[in-house]
Visitor: 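Input: one structure, supplied below.
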2 protein chains.
Amino acid sequence: MAYDESREMYLETILILSRKSKTVRSVDISEYMGYSKPSVSRAMGLLKDGGYIEEDYREGIVLTKKGREIAENVYDRHITLTKMLEALGVDPKTAADDACKIEHFISDTTFSAIKAHFKKFGE
Amino acid sequence: MAYDESREMYLETILILSRKSKTVRSVDISEYMGYSKPSVSRAMGLLKDGGYIEEDYREGIVLTKKGREIAENVYDRHITLTKMLEALGVDPKTAADDACKIEHFISDTTFSAIKAHFKKFGE
DNA sequence: TCATAGAGTTAGCCAAGACTAACAAACTGC
DNA sequence: GCAGTTTGTTAGTCTTGGCTAACTCTATGA
């Protein structure tokens with residue numbers, strides 16, 4: 001879990017799932033992301049070690065402050081980038097797929113610049 | 001060499017170096033990319049197996065048609081994306097760095113849409 | 001001519017992040 | 001209350017793509 005992309009995807013997924021249902025379990029993440037249970041289990045272990053999530057027998061998997069900040073940041077990028085690509089005429093599926101890749105790699109500088117541009121030119 | 005990013009970076013580098021000097025050698029790629037000689041050596045083996053490059057004792061490493069098409073496509077994206085980010089006010093280094101990541105991941109659809117948008121709105 | 005430098009390869013290692021197989025523990029329903 | 005399902009973990013494998021160490025081969029120059 002040294003590189004960001006994988007971690008960010010897991011955290012983003014936890015955020016999305018926590019908005020849909022009250023508790024988030026490993027198996028839900030597993031289904032949502034299409035990864036095997038052991039893969040998710042190990043990832044959760046690393047996220048817990050890193051202080052990004054906590055596990056509670058009642059609440060399931062919960063984002064810590066640190067984890068939530070990352071998740072919300074990535075999710076915000078995801079939504080914003082998807083909307084922008086759709087506004088440019090890209091079909092929704094491709095827009096979401098591409099946004100999902102771009103969201104992990106671009107710098108804050110670039111993201112802000114893109115956001116400002118689209119604000120100026122509208123949709 | 002199953003995923004595209006690494007392959008595309010090598011091919012792009014070979015294209016760039018072949019425009020700068022007459023012949024391209026492994027060690028040039030090694031220096032340019034900051035990778036060790038064995039890493040480049042292995043990558044060249046895989047690119048050769050895949051039909052992306054050929055090696056000639058006189059000409060050094062040469063892109064095949066297949067390799068050149070990918071390299072030129074990626075390089076075009078790189079240049080275009082970099083220019084656009086710079087036009088949005090991103091500093092040149094960040095623009096180049098971010099373009100270098102984005103160039104490998106976005107679909108043709110998205111790239112075309114972005115290009116069309118910027119053509120319309122100018123810089 | 002022979003030493004040394006430079007280029008490239010071979011062999012083997014490592015980390016990240018997926019996977020399956022198999023097990024353990026807990027919850028559910030008859 | 002016990003059987004069977006669901007959930008999660010452990011153990012170990014695979015692939016990608018880096019790395020170092022150590023070798024070979026070629027070319028150069030004193």
Side-chain angles (χ1 to χ4, degrees), chain A residues 1-14 17-18 20-63 67 70-71 74 97 100-101 103-105, chain B residues 1-14 17-18 20-63 67 70-71 74 97 100-101 103-105:
Chain A
M1 202 70 80
Y3 302 133
D4 286 343
E5 186 185 358
S6 169
R7 179 165 62 210
E8 285 181 2
M9 279 307 297
Y10 279 113
L11 293 174
E12 189 184 2
T13 300
I14 295 166
L17 293 176
S18 72
K20 280 207 259 189
S21 64
K22 211 160 178 214
T23 64
V24 179
R25 298 168 310 161
S26 263
V27 71
D28 302 322
I29 298 167
S30 181
E31 276 163 23
Y32 187 88
M33 298 181 82
Y35 289 156
S36 69
K37 286 192 300 168
S39 297
V40 174
S41 179
R42 179 153 64 155
M44 291 311 108
L46 293 169
L47 289 177
K48 213 193 301 184
D49 290 349
Y52 299 100
I53 61 168
E54 279 165 4
E55 279 183 277
D56 183 279
Y57 89 103
R58 177 175 292 277
E59 297 180 77
I61 293 162
V62 183
L63 293 166
I70 294 171
V74 174
D97 286 353
C100 196
K101 293 169 217 150
E103 71 194 24
H104 306 290
F105 297 111
Chain B
M1 200 70 79
Y3 300 132
D4 286 345
E5 188 185 356
S6 168
R7 179 165 64 211
E8 286 181 4
M9 279 307 297
Y10 279 113
L11 292 174
E12 189 185 2
T13 300
I14 294 166
L17 292 177
S18 72
K20 280 207 260 189
S21 63
K22 210 158 180 217
T23 65
V24 179
R25 300 168 309 163
S26 263
V27 71
D28 302 323
I29 298 168
S30 182
E31 277 164 22
Y32 187 87
M33 299 180 81
Y35 289 155
S36 68
K37 286 193 300 168
S39 296
V40 174
S41 178
R42 177 155 64 159
M44 293 308 108
L46 294 169
L47 290 177
K48 213 195 297 184
D49 289 349
Y52 299 99
I53 61 167
E54 279 165 4
E55 280 184 277
D56 184 279
Y57 88 101
R58 176 175 293 277
E59 295 179 77
I61 293 162
V62 183
L63 292 166
I70 295 171
V74 175
D97 286 352
C100 196
K101 294 169 216 152
E103 69 193 23
H104 306 291
F105 297 112

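Note on naming: letters A, B, ... go to the chains in the order of the sequence lines (proteins, then strands), and numbering restarts at 1 for each one. Keep in mind that the numbers below use all heavy atoms, side chains included, and drop hydrogens, waters and symmetry copies.
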Visitor: Does B:Ser6 have a side-chain nitrogen or oxygen under 4.0 Å from the phosphate oxygens OP1 or OP2 of D:dG18?
Guide: yes
Visitor: To the nearest angstrom, how far is A:Ile29 atom CD1 from D:dT9 atom C1'?
Guide: 15 Å
Visitor: Can you tell me if the side-chain N/O atoms of B:Ser26 get under 4.0 Å from OP1 or OP2 in C:dA7?
Guide: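 Looking at the OP1 and OP2 atoms of C:dA7, neither is under 4.0 Å from any side-chain N or O of B:Ser26.
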Visitor: For B:Glu8 and D:dG17, what is the distance between atoms CD and P respectively, to the nearest whole Å?
Guide: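 Going from B:Glu8 (CD) to D:dG17 (P), I get 11 Å.
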Visitor: Looking at C:dT20, I'd like to know if its phosphate oxygens (OP1 or OP2) sit under 4.0 Å from a side-chain N or O belonging to A:Tyr35.
Guide: no
Visitor: Without decimals, in angstroms, what is the distance between A:Glu55 CD and C:dA25 P?
Guide: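 The answer, rounded to whole Å, is 17 Å.
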Visitor: How many Å lie between CG on B:Leu17 and P on C:dA7, as a whole number?
Guide: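 These atoms are roughly 14 Å apart.
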Visitor: Rounded off to whole Å, could you give me the CZ-to-P distance for the B:Arg25 and C:dG8 pair?
Guide: 6 Å
Visitor: Would you find a donor on one side and an acceptor on the other, under 3.5 Å apart, between the side chain of A:Thr23 and the backbone of A:Glu59?
Guide: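 Between the backbone of A:Glu59 and the side chain of A:Thr23 there is no qualifying donor-acceptor contact (under 3.5 Å).
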Visitor: Can you see which heavy atom on B:Arg25 is nearest to which on B:Ile61, and at what distance?
Guide: C-CD1, 3.9 Å
Visitor: Would you say the side chain of A:Leu11 lies within less than 4.5 Å of the side chain of A:Ile53, judging by non-hydrogen atoms?
Guide: yes
Visitor: Ignoring backbone atoms, establish whether B:Ser41 has a side-chain N or O less than 4.0 Å from OP1 or OP2 of C:dG8.
Guide: no
Visitor: Identify the heavy atoms of B:Ile14 and B:Leu47 that sit nearest to each other, and give their distance.
Guide: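 Smallest interatomic distance, heavy atoms only, reads CD1-CD1, 4.2 Å.
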Visitor: Could you check how far CZ of B:Arg7 sits from C1' of D:dT15, rounded to whole Å?
Guide: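 These atoms are roughly 15 Å apart.
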Visitor: Could you check whether the side chain of B:Arg42 and the base of D:dG18 have a donor-acceptor pair of N or O atoms closer than 3.5 Å, going by distance alone?
Guide: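 Indeed, a donor on one side and an acceptor on the other fall under 3.5 Å apart.
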Visitor: Atom CE of B:Met44 to atom P of C:dG8: distance rounded to whole Å?
Guide: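 Interatomic distance, CE of B:Met44 to P of C:dG8: 11 Å.
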Visitor: Give A:Gly34 one of three labels, base, sugar-phosphate or nothing, depending on what nucleic acid heavy atoms sit under 4.0 Å from its own.
Guide: sugar-phosphate
Visitor: Counting only side-chain N and O atoms of B:Ser39, is one of them less than 4.0 Å from OP1 or OP2 of D:dG17?
Guide: no
Visitor: How many Å lie between NZ on B:Lys48 and P on C:dT9, as a whole number?
Guide: 7 Å
Visitor: Provide the closest heavy-atom pair for B:Arg7 versus B:Asp4 in the form atom of the first, atom of the second, distance.
Guide: NH2-OD1, 2.8 Å
